[in-house]
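These notes concern the structure reproduced below.
For clarity, every value in this text was computed on a predicted model and none was experimentally measured.
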Amino acid sequence: MRSMLFVPGDSPRKFEKASEGKADALIIDLEDSVVTEKKSEARGLTLTMLKSRPGPHQLYVRVNALDTGMTLADLAAVMPGGPHGIVLPKSQGGDDVRLVATWLEALEAASGIAVGSTRIVCVATETAGSIFGLGSYKGCSPRLAGLMWGAEDLSASLGATEKSSGGVFHSPYRLARDLCLMAAAAAEVAPIDTVYTDIDNLAGLEAETRAARRDGFSGKALIHPKHVDVVNAAFAPTEAERAWAEKVIAAFASNPNSGTLRLDGQMIDKPHLRAAKKILGQP
């Protein structure tokens, strides 16, 4: 998934508008975008949105964090709608995933949903303590589909006064970003880049997204519909990348017993083949 667009769980109007766009996934949000007094109402509205299935988008629900005591009630309310996945905020590590996976198994069975089909994406860097849990996601659950890094709540956890300047994140946030990327790669799940909050700065969004793709992120979280097309385009391989990937795959297909090859004066090996297949979306 290249683009995952957040939609407030208490706004069917915004959900309808988001459904008209080309985001790969919509994340119906029960956490930050819904005030406490409207959580219950938002659960019911979210269930209605899930059941409407307006387009080809994957539909995820961001539940409230485990430390709020609201997570299980959120899950019980929305699982009859059969979301493709759950986004777990402020996750501290693999143990949180295992707990949510246990709840999902029971709720899937109760809702007549195939057990094990609901995916989990964790927002994995929102507290200082969560950074030390990044290495625990590997092997925690087959439901785990992605790790997303986030800067907004991390800033509050650190007591920082500023996250970035001149469009560049300060050191603590770059560290969180990079460690989340590595944790996702180690766990063999999708690494998802954080939201871009300067809504009207589309050039800055494109630059940040291209940098994320360059470093290995496979998708980005979004907070505004106008960001979708920019992000989707930035994650698309260039013609030069496609041409290189096709040549690499063809070279190994012609030499199936070779571990290393010479191509255009450069040595290539199996990691290059894996990179080429990733560019072309091949398994």
Over all atoms of both residues, closest heavy-atom pair of Arg177 and Ala211: NH2-O, 3.6 Å
Worked verdict on Gln282 versus Ile249 for side-chain contact (heavy atoms from CB on, under 4.5 Å): CA-CA 10 Å; Gln282 298 181 10; Ile249 291 171; 3.6 Å; yes
Asp74/Arg62 salt bridge by N-O under 4.0 Å criterion: no
Is Lys270 close to Leu273 at the side-chain level, that is, under 4.5 Å between some pair of heavy atoms? yes
Checking Asp24 side chain against Arg2 main chain: does a donor-acceptor pair fall under 3.5 Å? yes
Heavy atoms, side chains only, cut-off 4.5 Å: are Gln58 and Met4 in contact? no
If you take all heavy atoms of Ser19 and Leu26, which pair is closest and at what distance? OG-CD1, 3.7 Å
Counting only pairs under 3.5 Å, give me each side-chain donor-acceptor contact of residues 120-131, with atom names and distances, residues two or more places apart or in other chains.
unit_1, atom_1, unit_2, atom_2, d
Thr125, OG1, Gly150, N, 2.9
Thr125, OG1, Gly150, O, 3.0
Glu126, OE1, Lys90, N, 2.6
Thr127, OG1, Gln92, OE1, 3.4
Thr127, OG1, Gln92, NE2, 3.0
Thr127, OG1, Ser130, N, 3.1
Ser130, OG, Ala124, O, 3.3
Ser130, OG, Glu126, N, 3.4
Ser130, OG, Thr127, N, 3.3
Ser130, OG, Thr127, O, 2.6

Taking all atoms of both residues into account, what is the closest heavy-atom pair of Ala23 and Val228, and its distance? N-CG1, 3.4 Å
Nearest heavy-atom neighbours spanning Pro83 and Leu50: CB-CD2, 3.9 Å
Can you get from Ile192 to Leu179 by hopping between Ile, Leu, Val, Met, Phe, Trp and Tyr side chains that sit under 4.5 Å apart? no
Got more than 12 heavy atoms from elsewhere within 6.0 Å of NZ, Lys277? no
According to a hydrophobic-cluster definition based on side-chain heavy atoms being under 4.5 Å apart (Ile, Leu, Val, Met, Phe, Trp, Tyr only), do Leu222 and Met49 belong together? yes
Hey, are the side chains of Asp10 and Val35 touching, using non-hydrogen atoms and a 4.5 Å cut-off? no
Over all heavy atoms of both residues, which pair between Thr209 and Ala234 is shortest? Give the atoms and the distance, please. CG2-CB, 3.6 Å
Side-chain heavy atoms of Glu208 within contact of Phe169, under 4.5 Å: yes
Can you find a pair of side-chain heavy atoms, one from Ser136 and one from Asp95, that are under 4.5 Å apart? no
Can you list the steps and then say if Lys163 with Glu152 is a side-chain contact (heavy atoms from CB on, under 4.5 Å)? CA-CA 8 Å; Lys163 298 187 300 295; Glu152 302 303 315; 3.2 Å; yes
Give a yes-or-no answer on whether the side chains of Lys22 and Asn232 include a donor-acceptor pair shorter than 3.5 Å. no
Between the CD atom in Glu16 and the OG atom in Ser11, the distance rounded to the nearest 0.5 Å is 10.0 Å
Taking atom CD as the centre, does Glu162 end up with more than 12 heavy-atom neighbours from other residues, nucleotides or ligands that are less than 6.0 angstrom away? yes
Measure the OG-CG distance between Ser52 and Leu59 for me, rounded to the nearest 0.5 Å. 7.5 Å
So, the side chain of Lys220 versus the backbone of Val195: is there a donor-acceptor pair under 3.5 Å, distance only? no
What distance separates Leu5 CG from His57 NE2, expressed to the nearest 0.5 Å? 9.0 Å
Between Thr118 (side chain only) and Gly85 (backbone N and O only), is there a donor and an acceptor less than 3.5 Å apart? no
Do Leu181 and Leu154 share a hydrophobic cluster, counting only Ile, Leu, Val, Met, Phe, Trp and Tyr and linking them when any side-chain heavy atoms are less than 4.5 Å apart? yes
Could you tell me whether Glu188 atom CD has more than 12 heavy atoms of other residues or ligands within 6.0 Å of it? no
Let me confirm one number: the OG-CG distance from Ser141 to Asp96, rounded to the nearest 0.5 Å. 12.0 Å
Residues Trp244, Ile279; criterion side-chain contact (heavy atoms from CB on, under 4.5 Å); working and verdict: CA-CA 10 Å; Trp244 175 83; Ile279 288 172; 3.9 Å; yes
Test side-chain contact (heavy atoms from CB on, under 4.5 Å) on Thr71 and Trp103 and set out the steps. CA-CA 10 Å; Thr71 314; Trp103 290 341; 4.1 Å; yes
Nearest 0.5 Å please: distance from the CD1 atom of Ile113 over to the CD atom of Glu108. 6.0 Å
Regarding Ser91 and Tyr137, is there a side-chain donor-to-acceptor distance under 3.5 Å anywhere? yes
Lys39 side-chain N/O to Val34 backbone N/O, donor-acceptor pair under 3.5 Å: yes
Hey, are Glu246 and Arg242 close enough for a salt bridge, meaning a charged N less than 4.0 Å from a carboxylate O? no
Evaluate whether atom NZ of Lys17 has more than 12 neighbouring non-hydrogen atoms of other residues, nucleotides or ligands under 6.0 angstrom away. no
A side-chain contact here means heavy atoms from C-beta on lying under 4.5 Å apart; do Leu158 and Tyr173 qualify? yes
Can you check whether Pro142's main-chain N or O pairs, donor with acceptor, with Arg119's side chain at less than 3.5 Å? yes
Report yes if some heavy atom in the side chain of Asp193 is under 4.5 Å from a heavy atom in the side chain of Trp149; otherwise report no. yes
From Tyr196 OH over to Asn201 CG, what is the distance, rounded to the nearest 0.5 angstrom? 3.5 Å
Taking CD in Glu105 as the centre, count heavy atoms belonging to other residues, nucleotides or ligands within less than 6.0 Å. Is the count above 12? no
Look at the side chain of Ser155 and the backbone N and O of Ala151, then say whether any donor-acceptor pair between them is shorter than 3.5 Å. no
For the hydrophobic clusters of this structure (ILVMFWY residues joined by side-chain heavy atoms under 4.5 Å, transitively), does one cluster hold both Met79 and Val61? yes
Does Glu241, at its CD atom, have more than 12 non-hydrogen atoms belonging to other residues, nucleotides or ligands within less than 6.0 Å? yes
Of Asn64, Val63, Leu30, the residue whose pairing with Leu75 passes side chain to side chain contact (heavy atoms under 4.5 Å, CB included): Val63
So if you build clusters from Ile, Leu, Val, Met, Phe, Trp, Tyr with side-chain heavy-atom gaps below 4.5 Å, do Leu280 and Ile268 land together? yes
Val100 side chain near Leu66 side chain, heavy-atom distance below 4.5 Å: yes
Indicate the atoms forming the closest heavy-atom contact of Val230 with Leu202, along with that distance. CG1-O, 4.1 Å
